[in-house]
> 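Quick one: structure below, then a few questions.
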Amino acid sequence: MAIGYHLTSRLTYVVGVGVALSQQERHQSLTRQHGDEAGFVRFRRWAAIVMNNDAVSFVLLCLVTRQTVPPEFRSPMFLVTAVLLVLLGISVKLWAAARLGPGAYYWHNFFVAGDAVTPNPPGPYRYLKNPMYTVGYLHAYGLALAFGSWPGLAAAAFDQVAILLFHQWVEGPHYERLTRRQSRG
């Protein structure tokens, strides 16, 4: 049940948010009805619930399937590695989010026309093309390792692939269009 709950939560996140953002970009579905900022606030509220539910479902999956990694693989170094992965992943994710600004985390530029797009934000973006969805996902693997959960490790890999596809199909094309518009205007 925990696996099904998490897969449903992750797909709701990447597909649901992806469809909502695509509809917003193509048809201004939320801003036409509610205005730019009000539409964004409504979307952000819903997206926060979806994203938080996804995180809770992942932790629950790891908890329910804890200690499925054989004991011979669970050593003190196993736990140290898990903690380091959690710290590194969260640090990079927070650093990236801070460099992009508060609106970027909830896709503000899908809602407000003329929202600035920085083609090369400082911070981890000078080293990595997509730090939030690459190195920033190490915390998920670390949490699964800390619980000793094979299904958690598999879910972390699934989650990362799903969010990278979301980026490729939704965020990336949107960002490209915004930077083209800004360079023309």
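Counting begins at 1 with the first residue of the sequence. Atom set for the values below is all heavy atoms of this structure, side chains included, hydrogens, waters and symmetry mates excluded.
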> Atom CD in E25, atom CG in N109: separation rounded to 0.5 Å?
9.0 Å
> Measure across R99 and P124 and return the closest heavy-atom pair with its distance rounded to 0.1 Å.
CG-CD, 3.9 Å
> Distance from T134 atom OG1 to I163 atom CD1, nearest 0.5 Å?
12.0 Å
> Assigning hydrophobic clusters by single linkage (Ile, Leu, Val, Met, Phe, Trp, Tyr; side-chain heavy-atom cutoff under 4.5 Å), is F58 placed with L7?
no
> Do E37 and F111 have side chains that approach each other closer than 4.5 Å (heavy atoms only, starting at C-beta)?
no
> Could you measure the distance from the OG1 atom of T65 to the NE2 atom of H6? Nearest 0.5 Å is fine.
10.5 Å
> Membership question, hydrophobic clusters at under 4.5 Å side-chain separation (ILVMFWY): are Y106 and V17 in the same one?
yes
> With Y133 as reference, evaluate H167, Q168, Q160, E171 under the side chain to side chain donor-acceptor pair (under 3.5 Å) test and give the passing residue.
E171
> How many angstroms lie between atom CZ of R42 and atom NE2 of H34, to the nearest 0.5 angstrom?
3.5 Å
> What heavy-atom pair brings A144 and C62 nearest, and what distance separates the two atoms?
CA-SG, 3.8 Å
> With heavy-atom distances below 4.5 Å as the criterion, would you say the side chains of V161 and L164 are in contact?
no
> With sequence neighbours excluded, tell me which residues meet side-chain hydrogen bond (donor to acceptor under 3.5 Å, both in side chains) with Q23.
none
> Compare every heavy atom of A82 with every heavy atom of L145, then report the nearest pair and how far apart it is.
CB-CB, 3.7 Å
> Is there a side-chain contact between L143 and V59 in this structure, where contact means two heavy atoms from C-beta onward sitting under 4.5 Å apart?
yes
> How many angstroms lie between CG in L60 and CD1 in I3, if you round to the nearest 0.5 Å?
11.0 Å
> Which side-chain N or O atoms in residues 44-53 pair as donor and acceptor under 3.5 Å with protein atoms at least two apart or in another chain?
residue: N52; atom: ND2; partner: A48; partner atom: O; Å: 3.1
residue: N53; atom: OD1; partner: Y5; partner atom: OH; Å: 2.6
residue: N53; atom: ND2; partner: S9; partner atom: OG; Å: 2.9

> Just verifying a value: how many Å separate K93 NZ and L88 CG, rounded to the nearest 0.5 Å?
12.0 Å
> With a 4.5 Å limit on heavy-atom distance, are the side chains of T12 and D54 in contact?
no
> Can you tell if the side chain of F43 reaches within under 4.5 Å of the side chain of H108, non-hydrogen atoms only?
no
> Can you run down the ring pair (Phe, Tyr, Trp, His ring centres under 6.0 Å) pairs that involve residues 145-166, sequence neighbours left out, and say none if there aren't any?
W107-F166
> Which Ile, Leu, Val, Met, Phe, Trp or Tyr residues join V86 in one cluster when any pair of side-chain heavy atoms under 4.5 Å counts as a link?
I90, L94
> Output all residues satisfying ring-ring contact (aromatic ring centres under 6.0 Å, His included) with Y141, sequence neighbours left out; order by chain, then residue number.
none
> Kindly work out whether a path of hydrophobic side-chain contacts (I/L/V/M/F/W/Y, heavy atoms less than 4.5 Å apart) joins V83 to M77.
no
> Are V15 and Y13 connected into the same hydrophobic cluster when the rule is that any two of I, L, V, M, F, W, Y join if their side-chain heavy atoms are below 4.5 Å apart?
yes
> Mind checking who shares a hydrophobic cluster with M1, ILVMFWY linked at side-chain heavy-atom distances under 4.5 Å?
none
> Would the distance check show the side chain of Q33 and the main-chain N or O of G39 forming a donor-acceptor pair, the cut-off being under 3.5 Å?
no
> Are V69 and F78 side-chain neighbours, meaning at least one heavy-atom pair lies under 4.5 Å?
yes
> Are L30 and F110 side-chain neighbours, meaning at least one heavy-atom pair lies under 4.5 Å?
no
> Work out which heavy atom in P151 is nearest to a heavy atom in T68; give both atom names and the distance.
CD-OG1, 3.3 Å
> Between L138 and V92, is the side chain to side chain contact (heavy atoms under 4.5 Å, CB included) condition met? List the steps.
CA-CA 9 Å; L138 289 178; V92 167; over 6 Å; no
